[in-house]
Undergrad: 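Take this structure, written in C-alpha cells, and hold onto it; I'll ask about it next.
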Amino acid sequence: VQLQASGGGLVQPGGSLSVSCGASGSISSINHMGWYRQAPGKQRELVATITSGGGSTMYADSVKGRFTISRDNAENTVYLQMNSLKPEDTAIYYCNAYLKEYGSMRLAHYWGQGTQVTVSS
C-alpha cells in the first residue's frame, strides 16, 4: 500500500493551491483520511480530516474558512483545496489514511511522502 501526494509548489500570499493524495495497493476499504503539515522547526500538526463517506470534516482553527478537504472514494484519493494562503501556511503537507488491506481485519495507518507548499512573494 502506498499513499502518493502531489500538487505542492510555490504560491504568492493570497493565492490558491490544491494538493491531492492517492492511495494504491491491495486496499479493501479506507476509513478516515486527512492532511497534516510540518513547518521547519515545528511539530507536525493536523490540518484537516474527512470521514469515509465524506459527510464529516474537521479543520484546524488556523485554516477554517480557507481550506477545504474532500475525497473521491472511487479513486481512493483525498484532496486539499487551499485558498487565501498565508506565509505561515508554508510547510510540508502530509496525507494519511486509516485503511484495511485485503485479507486483513486490522485498521492500518499509512502516511504519504509529503509535498512542499511554499507561500511567499
Undergrad: Can you list everything that forms a side chain to side chain donor-acceptor pair (under 3.5 Å) with Ser20? Sequence neighbours excluded, please.
TA: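 So Ser20 forms a side chain to side chain donor-acceptor pair (under 3.5 Å) with Ser6.
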Undergrad: Sorted by first residue and then second, give each side-chain hydrogen bond (donor to acceptor under 3.5 Å, both in side chains) pair with at least one member in residues 101-110; sequence neighbours left out.
TA: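 Counting only pairs at least two positions apart or across chains, the side-chain hydrogen bond (donor to acceptor under 3.5 Å, both in side chains) contacts touching residues 101-110 are Asn96-His109, Glu101-Tyr110.
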Undergrad: Would you name the heavy atoms of Leu80 and Ala48 that are closest together and state the gap between them?
TA: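 That closest heavy-atom pairing would be CD1-CB, 4.3 Å.
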Undergrad: What salt bridge (charged side-chain N to carboxylate O under 4.0 Å, His left out) pairs are there with at least one residue in residues 51-74, not counting sequence neighbours?
TA: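 As it turns out, the salt bridge (charged side-chain N to carboxylate O under 4.0 Å, His left out) pairs with a partner in residues 51-74, which skip direct neighbours, are Asp61-Lys64, Arg66-Asp89.
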Undergrad: Gln81: what forms a side chain to side chain donor-acceptor pair (under 3.5 Å) with it, not counting sequence neighbours?
TA: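 If we apply the side chain to side chain donor-acceptor pair (under 3.5 Å) test to Gln81, skipping adjacent residues, the hits are Asn83.
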Undergrad: Locate the shortest heavy-atom distance separating Ile30 from Ala23; write the atom from each residue and the value.
TA: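 It is CD1-CB, 4.0 Å.
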Undergrad: Give every residue pair that meets the salt bridge (charged side-chain N to carboxylate O under 4.0 Å, His left out) criterion with at least one member in residues 11-35, sequence neighbours excluded.
TA: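 Sorted result for residues 11-35: empty, none.
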Undergrad: Determine all donor-acceptor pairs shorter than 3.5 Å in which one atom belongs to a side chain in residues 114-121; sequence neighbours excluded.
TA:
| residue | atom | partner | partner atom | Å |
| --- | --- | --- | --- | --- |
| Thr115 | OG1 | Gly8 | N | 3.1 |
| Gln116 | NE2 | Ala91 | O | 3.4 |
| Gln116 | NE2 | Thr118 | OG1 | 3.3 |

Undergrad: Does Gln4 have any side chain to side chain donor-acceptor pair (under 3.5 Å) partners at least two apart in sequence or in another chain, and if so, which?
TA: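 Once residues adjacent in sequence are excluded, Gln4 has no partner under the side chain to side chain donor-acceptor pair (under 3.5 Å) criterion.
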Undergrad: Does atom CD of Gln2 have more than 12 heavy-atom neighbours from other groups under 6.0 Å away?
TA: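 Incorrect, the count does not exceed 12.
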Undergrad: Taking disulfide (SG to SG under 2.5 Å) as the cut-off, I'd like each qualifying pair that reaches into residues 31-121, sequence neighbours left out, listed once.
TA: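 Every pair satisfying disulfide (SG to SG under 2.5 Å) with a residue in residues 31-121: Cys21-Cys95.
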Undergrad: Which pairs pass disulfide (SG to SG under 2.5 Å) with one or both residues in residues 37-88, sequence neighbours excluded?
TA: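 Listed by first then second residue: nothing to list.
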Undergrad: Rounded at 0.5 Å granularity, tell me how far CG in Leu3 sits from CG in Asn76.
TA: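 It is 9.0 Å, given to the nearest 0.5 Å.
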Undergrad: Rounded to the nearest 0.5 Å, what's the gap from CE on Met82 to OG on Ser18? Could you check?
TA: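 That separation rounds to 7.0 Å.
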Undergrad: Say whether Val19 and Ile50 are linked into one hydrophobic cluster, either directly or through other cluster members, by side-chain heavy-atom distances under 4.5 angstrom.
TA: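 Cluster IDs for Val19 and Ile50 match.
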Undergrad: For residues 40-56, pull every pair meeting side-chain hydrogen bond (donor to acceptor under 3.5 Å, both in side chains), keeping only residues two or more places apart or in separate chains.
TA: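 Pairs touching residues 40-56 that pass the test: Arg37-Glu45.
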Undergrad: Mind checking whether Met33 and Val63 sit in one hydrophobic cluster, side chains of I, L, V, M, F, W, Y counted as touching below 4.5 Å?
TA: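 Per the 4.5 Å side-chain linkage, Met33 and Val63 are co-clustered.
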Undergrad: Who clusters with Leu107? Use side-chain heavy atoms, under 4.5 angstrom, across I, L, V, M, F, W and Y, and order the result by chain and number.
TA: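 Besides Leu107, the cluster holds Tyr98.
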Undergrad: Please, which pairs that meet ring-ring contact (aromatic ring centres under 6.0 Å, His included) have at least one residue in residues 24-81, sequence neighbours excluded?
TA: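 Passing the test, one end in residues 24-81: Tyr36-Trp111.
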Undergrad: Rounded to the nearest 0.5 Å, how far does CD of Glu75 lie from CG of Asn73?
TA: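 Going from the CG atom of Asn73 to the CD atom of Glu75 covers 10.5 Å.
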Undergrad: State yes or no: do Ile27 and Val78 share one hydrophobic cluster built from I, L, V, M, F, W and Y residues joined by side-chain heavy-atom distances below 4.5 Å, directly or via other members?
TA: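 Linked, Ile27 and Val78 end up in one cluster.
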Undergrad: Hey, could you give me the CG/CE distance between Leu46 and Met58, rounded to the nearest 0.5 Å?
TA: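 Between Leu46 CG and Met58 CE, I get 4.0 Å after rounding to 0.5 Å.
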Undergrad: Is it true that Ile69 and Tyr93 fall in one hydrophobic cluster, defined by side-chain heavy atoms closer than 4.5 Å?
TA: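 They do share one cluster, since a chain of ILVMFWY contacts under 4.5 Å joins Ile69 to Tyr93.
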